[in-house]
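Following: one structure in structure tokens, then a few remarks.
Basis for what follows: all heavy atoms, side chains included, without hydrogens, waters or symmetry-related copies. Small disclaimer: the values here were computed from a predicted structure and weren't measured.
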Amino acid sequence: MFEGSGSARVGELQADCARCFGLCCVAPAFAASADFAIDKPAGQPCRNLRADFGCAIHTELRERGFSGCTVFDCFGAGQRVAQVTFGGRDWRAAPHSAQQMFDVFAVMRPLHELLWYLTEALRLRPPTDLRTELEAALVETERLAGGSPETLLALDVDAHRATVNALLSRTADVARAHGGAGADLRGAALIGRDLRRATLRGANLRGALLIGADLRGVDLARADLTGADLRGADLRGADLSEVLFLHRSQVDAARGDSRTRLPQRISRPGHWSHLPLTPARPARRRGRPG
């Protein structure tokens with residue numbers, strides 16, 4: 001836990017809404033879309049936020065048009081800002097600090113996201129020199145996250161993120177190279193594409209737009225999915241058991257079934273179908289994507 005030293009442990013790198021003050025329901029602005037049913041200005045509480053900071057429609061979010069809320073994860077930044085950076089003082093009880101708290105949350109979330117990725121990178125057992133760099137980056141990112149509200153707001157978080165992302169990319173390249181690196185589809189726009197015949201083992205899919213893509217039965221072993229947008233992607237029967245840098249929120253945003261193979265650390269989302277479906281006919285060959 002964060003008490004005392006402010007050090008982030010693995011269990012603290014995921015949202016614990018019971019220890020937060022609904023920061024993700026207040027701080028960001030949202031425009032009405034398929035993921036969020038209403039317009040909400042930054043700093044204004046969502047109309048579904050209760051007085052105890054719980055969600056009034058938590059069990060009906062998808063049905064009520066708030067599917068984006070179900071896949072959002074602050075990587076533990078919310079409870080850290082609430083319980084450590086601001087010492088448990090909530091923004092309703094201390095309205096004078098509300099805007100500062102919201103602004104700090106916008107800095108803390110990317111820092112905690114980096115802490116999660118760095119922790120995952122170290123799980124890959126990289127070479128000694130790369131491991132040393134990753135450990136140093138983890139310590140430095142944790143040091144920054146433990147700062148005061150003033151130091152956090154003065155931080156150039158984008159510059160720090162760029163430095164760490166370069167290191168994470170190198171780590172993924174080394175991991176992908178085992179068995180042969182695949183296609184470089186970094187940032188590729190693959191929205192709605194039929195990729196069932198694509199060779200994606202060891203592919204670089206960092207930041208790729210895979211919204212609504214058909215990935216049924218695809219082998220994604222050692223593919224780098226850092227920041228890939230998997231909203232509505234069809235993962236039925238796909239093998240993601242050895243994929244790199246896959247976060248639970250990405251899985252929650254996609255579609256899958258009982259045949260979808262996931263990493264052991266990620267449980268199957270409750271909204272996925274549990275019954276195998278009849279496989280679709282093989283798609284016509286379209287050539288190599290991207």
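A donor-acceptor pair shorter than 3.5 Å cannot be found between the side chains of Thr70 and Ser67. Remark: the Arg206 side chain and the Thr226 side chain contain an N/O donor-acceptor pair separated by less than 3.5 Å. Between the side chains of Ser267 and Arg248, at least one donor N or O sits under 3.5 Å from an acceptor N or O. In the model, Ser249 has no side-chain atom that pairs as donor or acceptor with a side-chain atom of Asp252 under 3.5 Å.
Proximity of Leu240 to Arg261: side-chain heavy atoms (C-beta onward) are nowhere separated by under 4.5 Å. Taking 4.5 Å as the limit, every side-chain heavy atom of Ser241 sits out of range of all side-chain heavy atoms of Leu262. No side-chain heavy atom of Leu220 sits less than 4.5 Å from a side-chain heavy atom of Asp239. Within the 4.5 Å cutoff, the side chain of Leu61 has heavy atoms near those of the Cys69 side chain. Contact check for Leu190 versus Leu209: no side-chain heavy atoms found under the 4.5 Å cut-off. Annotation: side chain of His112 is in contact with side chain of Leu115 (closest heavy-atom distance under 4.5 Å). When side chains are defined from C-beta on, Arg222 does not count as touching Val243, because their heavy atoms never get closer than 4.5 Å. You'll find the side chain of Asp173 reaches within 4.5 Å of the side chain of Asn204, heavy atoms only.
Looking at every heavy atom in both residues, Asp257 comes nearest to Gly237 through OD1-N, 3.3 Å. Ala233 approaches Ala254 most closely through the heavy-atom pair O-CB, 3.5 Å. Counting all heavy atoms, side chain and backbone alike, Gly147 lies closest to Thr85 at O-CG2, 4.2 Å. Among all heavy-atom pairs drawn from Gln79 and Cys74, the shortest one is OE1-SG, 4.4 Å. For the residue pair Ala121 and Phe245, the shortest heavy atom distance occurs at N-CE2, 3.6 Å. Residues Cys25 and Leu49 approach most closely at CB-CD1, 4.1 Å, considering heavy atoms.
Using a cut-off of 4.0 Å between Lys/Arg side-chain N and Asp/Glu carboxylate O, Arg201 and Glu242 are scored as not salt-bridged. Under a 4.0 Å N-O distance rule, the pair Asp16/Arg19 qualifies as a salt bridge. Between Glu142 and Arg80, at least one side-chain N (NZ, or NE/NH1/NH2) sits under 4.0 Å from a carboxylate O, which counts as a salt bridge. Salt-bridge check for Asp90 with Arg92: failed, with every basic side-chain N at 4.0 Å or more from each acidic carboxylate O. Contact check on Asp224 versus Arg186 returns no salt bridge, with no Lys/Arg side-chain nitrogen under 4.0 Å from an Asp/Glu carboxylate oxygen.
Separating the CD1 atom in Ile38 from the OG atom in Ser33 is a distance of 10.5 Å, to the nearest 0.5 Å.
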Evaluation steps, side chain to side chain contact (heavy atoms under 4.5 Å, CB included), between Leu152 and Asp103: CA-CA 9 Å; Leu152 284 162; Asp103 293 342; over 6 Å; no
His247 and Phe75: CA distance, side-chain angles, deciding distance, ring pair (Phe, Tyr, Trp, His ring centres under 6.0 Å) verdict: CA-CA 10 Å; His247 189 259; Phe75 296 88; 4.4 Å; yes
Side chain to side chain contact (heavy atoms under 4.5 Å, CB included) evaluation trace for Val71 with Asp35: CA-CA 10 Å; Val71 301; Asp35 297 319; over 6 Å; no
Residues Phe105, Gln100; criterion side chain to side chain contact (heavy atoms under 4.5 Å, CB included); working and verdict: CA-CA 9 Å; Phe105 177 69; Gln100 186 184 48; over 6 Å; no
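With Ile191 as the partner, the side chain to side chain contact (heavy atoms under 4.5 Å, CB included) test is satisfied by one option alone out of Ile211, Leu210, Asp229: Ile211.
Below 30°, between 30° and 60°, or above 60°: for Phe36 and Phe66 the angle between ring planes is above 60°, a perpendicular geometry. Using bins of under 30°, 30° to 60° and over 60° for the plane-to-plane angle, the ring pair Trp91/Phe102 lands in the perpendicular bin.
Enclosure of atom CZ in Arg170 by more than 12 non-hydrogen atoms of other residues, nucleotides or ligands within 6.0 angstrom is indicated. Other residues, nucleotides and ligands contribute at most 12 non-hydrogen atoms within 6.0 Å of the CZ atom of Arg125.
Looking only at distances, no side-chain donor or acceptor of Thr260 sits under 3.5 Å from a matching main-chain atom of Gly256.
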